[in-house]
Amino acid sequence: MKHHDEDDADFVELDIRECAIGAIVKAIANYLTLIGEDSQPPYIKAMLQWTWKNLDGEGMMKTWEERPTEVKQMEAMKAEKKN
């Protein structure tokens, strides 16, 4: 294992459900980057709705709205480059 120190535990615990959801959501983000965010097939919409309902969508939106000003500025610069 990379970066495994001698005094680290021999086992690593992973939440496979959390890992699977994370992998799917990351794949969706990459997919939407390729096809454009306006072209969401029904299966993408279904997964996004499921994540909103089951993974505290309201809480995620609050966190997103409260993101640091520096992050908002970087997002704005990226959006300007896109256009």
Side-chain angles (χ1 to χ4, degrees):
M1 183 179 210
K2 191 174 183 181
H3 306 294
H4 185 83
D5 292 330
E6 287 181 22
D7 58 343
D8 284 345
D10 290 335
F11 298 94
V12 177
E13 279 190 46
L14 298 174
D15 181 339
I16 58 171
R17 182 175 186 263
E18 181 180 335
C19 291
I21 292 169
I24 292 167
V25 171
K26 180 62 177 173
I28 288 173
N30 291 336
Y31 180 74
L32 293 176
T33 298
L34 293 173
I35 69 165
E37 292 184 18
D38 297 331
S39 307
Q40 294 183 11
Y43 55 89
I44 297 292
K45 288 181 182 178
M47 182 62 188
L48 294 175
Q49 289 170 347
W50 182 91
T51 56
W52 179 266
K53 180 181 175 191
N54 294 287
L55 301 178
D56 188 23
E58 296 287 338
M60 286 189 271
M61 283 305 297
K62 185 175 184 227
T63 300
W64 181 78
E65 289 167 355
E66 295 172 352
R67 67 199 185 286
T69 302
E70 298 83 23
V71 173
K72 292 177 185 177
Q73 291 169 343
M74 288 188 298
E75 291 169 345
M77 289 183 346
K78 184 177 179 182
E80 285 176 11
K81 287 182 183 179
K82 238 181 172 178
N83 298 328

Around atom CG of Asp38, are there more than 12 heavy atoms from other residues, nucleotides or ligands closer than 6.0 Å? no
Residue pairs, two or more places apart or on separate chains, that pass side-chain hydrogen bond (donor to acceptor under 3.5 Å, both in side chains) and touch residues 47-59: none
All N/O donor-acceptor pairs, side-chain side in residues 59-67, below 3.5 Å, sequence neighbours left out:
unit_1	atom_1	unit_2	atom_2	d
Thr63	OG1	Gly59	O	3.1
Arg67	NE	Glu75	OE1	2.8
Arg67	NE	Glu75	OE2	3.2
Arg67	NH1	Trp64	O	2.7
Arg67	NH2	Glu75	OE1	2.7

Which pairs of donor and acceptor atoms, one on a side chain in residues 8-27, lie under 3.5 Å apart (sequence neighbours left out)?
unit_1	atom_1	unit_2	atom_2	d
Asp8	OD2	Asp5	N	3.0
Asp15	OD1	Arg17	N	3.1
Asp15	OD1	Glu18	N	3.2

